[in-house]
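Presented below is the structure to which this report refers.
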Amino acid sequence: MDIRQLFSGAQLNQTVQVRGWVRTFRANRFMALNDGSCLANMQCVVDFDQTPEEVLAEINTGAAVEVLGTLVPSQGKGQKFEIQVDSLRILGTSNPDEYPIQPKKHSLEFLREKAHLRVRTSTFAAVMRVRAALSFAVHQYFAEHGFYQVHTPIITGSDAEGAGEMFRVTTLTAKSAADEIDFFGKETNLTVSGQLEAETYAMGLGKVYTFGPTFRAENSNTSRHLAEFWMIEPEVAFNNLDDNMDLAEDFIKSVLAYILEHCQEDLTFLDQRFAEEEAKKPQLERSPMGLMERLRFVTENEFIRISYTEAIDILRNSKPNKKKKFSYPIEGWGADLQSEHERYLVEKHFTSPVILYDYPAEIKAFYMRMNEDGKTVRAMDVLFPGVGEMVGGSQREERLDKLVARMRAMDIDEEELWWYLDLRRFGTAEHAGFGLGFERLVLYATGMTNIRDVIPYPRTPLNAAF
Ligand code: 4AD
Ligand code: MG
């Protein structure tokens, strides 16, 4: 049995066996063991008279041990059970002078350098368990709502977002002969989105979603950008933008409700950590809610929905605080919003998740449906406090002539996307979808502040260690 099972279902005075890693060993007697199954350590009381000295000397933080003993009510505070050790075996030693994860608070920056060991800390283990639970909740939500998962290609010839921030995939090298043909006989890249392929499947299976890695070579060294991140992209035939907003809102609420129900121990721990971190900030910058509180707030309240044009009006008449203006002034209708503007809207003005829709066509991708005004497209972004853009989506342009015109205007290769245009030739219909950046969801759910701390091995500019 793992420690989580022991805490939840084991009989007292049973003989039990546990294997895990030593977190602390005090007074040659109290060994806190963790096996990763849950946050809590199992306190194991070692009989030092019966334990050979060379074994005692090897019970160090980080060592792997196997314990056989009796489960008894705990003497100590804060836990129900402990194990009275009958026998103990060292499975793998850990030299205390070399093991970097000591039983003290390490900085997140230090732990990023030790990403292969950081999951042995309470914080990272809790974050990664919540991440796994969210991933499960994502699949469960779609399965229960009649969606089929599609596996879209990782290597692709098309730039779905038309932003050109792609990683080239090639077998050619500097030594290749000038006439050598590349592996695929054409230029290929790592995908920036599975959307275009997902659209083709939605126009056959009706409701589909992808959940896979995506890659962007944008040089944004921020706490919210990764070069490799996981994206969830549902796509639904016969849906319009309102349906799409409803889906995004219901989906996010549902997966957050799932972890509130199933990850209580980890979230309680992360909530405490969040409170400690917030307390270090100046009063004005502190989150008005605790972690659990803000998760419940999202699940219980409706998201605010306003158009881009309304948002611009609000921002024009706002000052982020008494003295300062925005560092990027609101340039007027048509300009893209900076993250400080988005943050102002969600964190100061509405203090709620906000869905902005109907953006100017110029700042959005080619595939979004043109509105009657000929200026705005049926786009939507879901903005979250502390995280900014969590979701980007749209109703797709289903009219062939309008789509082609837009592609020409934006210099998008029609030849390359012939198959995408075919969808508009054969049985075209309204359809819509969105992309949710999974790490941004995990950021919000765990109260962590840097996206590098919610994925096991972050890839960012100049960093692909591990
Ligand atoms: O807004 P984006 O670029 O939209 C798309 O890719 C569409 N094809 C989605 C669709 O309609 N099917 O990206 C979607 C989301 C963003 O809202 C953000 O949460 C996340 O992906 N994202 C990133 N997350 C981490 N690091 C990055 N560099 C990200 N870029 C986008
Ligand atoms: Mg976007």
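Atoms within each ligand, like the ligands themselves, are counted from 1 in listed order. No experiment lies behind these values; they were computed from the predicted model shown.
- Under the 4.0 Å criterion applied to side-chain N and carboxylate O atoms, D35 and R23 are not assigned as salt-bridge partners.
- A salt bridge is defined here as a Lys NZ or Arg NE, NH1 or NH2 lying under 4.0 Å from an Asp or Glu carboxylate O, and R369 with E398 meets this definition.
- Remark: ligand 1 and G437 share an N or O pair separated by less than 3.5 Å (distance only, no angle test).
- Every atom of ligand 1 with a heavy atom of E218 under 4.0 Å away is listed here by number and element: 27 (C), 28 (N), 30 (N).
- Contacts between H225 and ligand 1, counted as non-hydrogen atom pairs separated by less than 4.0 Å, involve both the backbone and the side chain.
- Note: Y141 and F251 have perpendicular aromatic rings, judged against thresholds of 30 and 60 degrees for the angle between ring planes.
- Ion pairing between a basic and an acidic side chain is recognised when a charged N comes within 4.0 Å of a carboxylate O; R296 and E300 show no such pairing.
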Self-check item: Steps toward ring pair (Phe, Tyr, Trp, His ring centres under 6.0 Å) verdict (F326, H341)
Solution: CA-CA 8 Å; F326 291 116; H341 306 140; 4.8 Å; yes
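- Between K186 and E416 a salt bridge is recorded (basic side-chain N to carboxylate O distance below 4.0 Å).
- The shortest N/O to N/O separation between G392 and ligand 1 falls below 3.5 Å.
- Taking the six-membered ring for Trp, H139 and Y209 have ring centres closer than 6.0 Å.
- In summary, E430 and R396 do not engage in a salt bridge, as defined by a charged side-chain N under 4.0 Å from a carboxylate O.
- Atom 5 (C) of ligand 1 has E161 OE2, 3.4 Å as its closest protein atom, hydrogens excluded (heavy atom only).
- The set of protein atoms (N, O or S) found at less than 2.8 Å from the Mg ion (ligand 2) reads E389 OE2, by chain and number.
- Contact annotation: G393 has at least one heavy atom less than 4.0 Å from an atom of ligand 1.
- Counting heavy atoms closer than 4.0 Å to ligand 1, residue Y367 contributes side-chain atoms (C-beta onward) but none from N, CA, C or O.
- Remark: minimum distance from atom 18 (C) of ligand 1 to any protein heavy atom is reached at R440 NH1, 3.5 Å.
- Between Y308 and Y359, the ring planes are tilted. Angles from 30° to 60° get that label.
- Contacts with ligand 1 closer than 4.0 Å are made by no heavy atom of D381, backbone or side chain.
- Ion pairing between a basic and an acidic side chain is recognised when a charged N comes within 4.0 Å of a carboxylate O; E249 and K253 show such pairing.
- Polar contact with ligand 1: absent for S394 (N/O pair, distance under 3.5 Å).
- Heavy-atom contacts of V391 reach the following atoms of ligand 1: 17 (O) (cutoff under 4.0 Å).
- No side-chain donor from either of D358 and T309 sits under 3.5 Å from a side-chain acceptor of the other.
- Considering backbone and side-chain N/O atoms, I451 never comes within less than 3.5 Å of an N/O atom of ligand 1.
- For the 3.5 Å distance criterion, the side chains of H116 and Y457 fail to qualify, holding no donor opposite an acceptor.
- Looking at E276 and K105, a side-chain N of the basic residue comes within less than 4.0 Å of a carboxylate O on the acidic one, giving a salt bridge.
- At a heavy-atom cutoff of 4.0 Å, ligand 1 is contacted by the side chain of E233 but not by its backbone.
- At a heavy-atom distance under 4.0 Å, only side-chain atoms of R396, from C-beta outward, approach ligand 1.
- With a 4.0 Å cut-off on non-hydrogen atoms, F434 touches ligand 1 through its backbone and not its side chain.
- Taking the six-membered ring where the residue is Trp, F438 and F211 present perpendicular rings, their angle passing 60° and hence far from 30°.
- Close contacts between ligand 1 and R224 involve ligand atoms 25 (C), 26 (N) [criterion: under 4.0 Å to a heavy atom].
- Scanning the protein heavy atoms around atom 22 (N) of ligand 1, the nearest turns out to be F229 CE1, 3.5 Å.
- A salt bridge links D453 to R118: one of the charged nitrogens lies within less than 4.0 Å of a carboxylate oxygen.
- The shortest separation from a heavy atom of E439 to ligand 1 is not under 4.0 Å, leaving the residue out of contact.
- Among protein heavy atoms, atom 16 (C) of ligand 1 sits closest to E389 OE2, 3.3 Å.
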